[in-house]
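Right, one structure below, let's go through it.
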Amino acid sequence: MTIVKINAITVPADSGDELAHRFAARAGAVDDQDGFEGFELLRPDDERTTWLVITRWRDEEAFQAWVSSPAFAHGHRSAAERAGEPTPPPIGVHSEVWSYTPAGGSTPGQP
């Protein structure tokens, strides 16, 4: 059964573009993980400063295997760190992970 993991990251109002840039720099890093089904980074379009990182996984075991993997640690290092440069300061001021299972909905064009 598909599970959805949402990382709610609160950033200072002027730091959202940097957050988007850092995610773009590691785009595709999780794509080949067993059980990975999809990713979205959602930018708030109102006065909120909490961005949502939404991932879908085949099941909890696939998600936990990724979190425990070297690929997870590598993917969460900055591009600067991977290049041997100093670690940039964190952007987020708060983060929490939410876990959901789909309970309904629709996908256009799907039977």
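For the single chain, residues carry numbers from 1 onward in sequence order.
- One hydrophobic cluster, built from ILVMFWY side chains closer than 4.5 Å, cannot hold both Val93 and Leu19; they sit in different ones.
- Using a 4.5 Å cut-off between side-chain heavy atoms of Ile, Leu, Val, Met, Phe, Trp and Tyr, with links allowed through other members, Val4 and Val67 fall into different hydrophobic clusters.
- Residues meeting the side chain to side chain contact (heavy atoms under 4.5 Å, CB included) test with Asp45, sequence neighbours left out: none.
- A pairwise comparison of heavy atoms in Ala62 and Gly35 identifies CB-CA, 3.8 Å as the closest pair.
- Residues Val97 and Ile6 do not share a hydrophobic cluster, clusters being chains of Ile/Leu/Val/Met/Phe/Trp/Tyr side chains in contact below 4.5 Å.
- For Asp59, the CG atom sits in a packed shell: over 12 heavy atoms of surrounding residues, nucleotides or ligands are nearer than 6.0 Å.
- Expressed to the nearest 0.5 Å, how far CD of Glu96 lies from OG1 of Thr50 amounts to 8.5 Å.
- For Arg58, the CZ atom counts as densely surrounded, since its 6.0 Å shell holds more than 12 non-hydrogen atoms of other residues, nucleotides or ligands.
- The shortest heavy-atom contact between Phe23 and Leu41 is CB-CD2, 3.8 Å.
- Ring pair Phe63/Trp66 is tilted by interplanar angle, where 30° to 60° counts as tilted.
- Remark: Lys5 NZ to Ile54 CD1 distance equals 13.5 Å, nearest 0.5 Å.
- Under the 4.5 Å side-chain criterion, counting only non-hydrogen atoms from C-beta, Asn7 is not in contact with Trp51.
- Arg48 contributes atom CZ, which lies 11.0 Å from atom OG1 of Thr10 (distance to the nearest 0.5 angstrom).
- Residues Met1 and Glu60 are not in side-chain contact: their nearest non-hydrogen atoms beyond the backbone lie 4.5 Å or more apart.
- The shortest heavy-atom contact between Ser95 and Ile9 is OG-CG1, 4.0 Å.
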Item to check | From CA spacing to verdict: side chain to side chain contact (heavy atoms under 4.5 Å, CB included), His94, Thr49 | outcome: CA-CA 10 Å; His94 178 75; Thr49 58; over 6 Å; no
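- Rounding to the nearest 0.5 Å gives a distance of 12.5 Å between CG of Leu52 and CZ of Arg43.
- The aromatic rings of Phe36 and Trp57 sit perpendicular, their planes meeting at an angle over 60°, well past the 30° parallel limit.
- Minimum interatomic distance between Ile91 and Pro12 (heavy atoms only, all atoms of both residues): O-CD, 3.3 Å.
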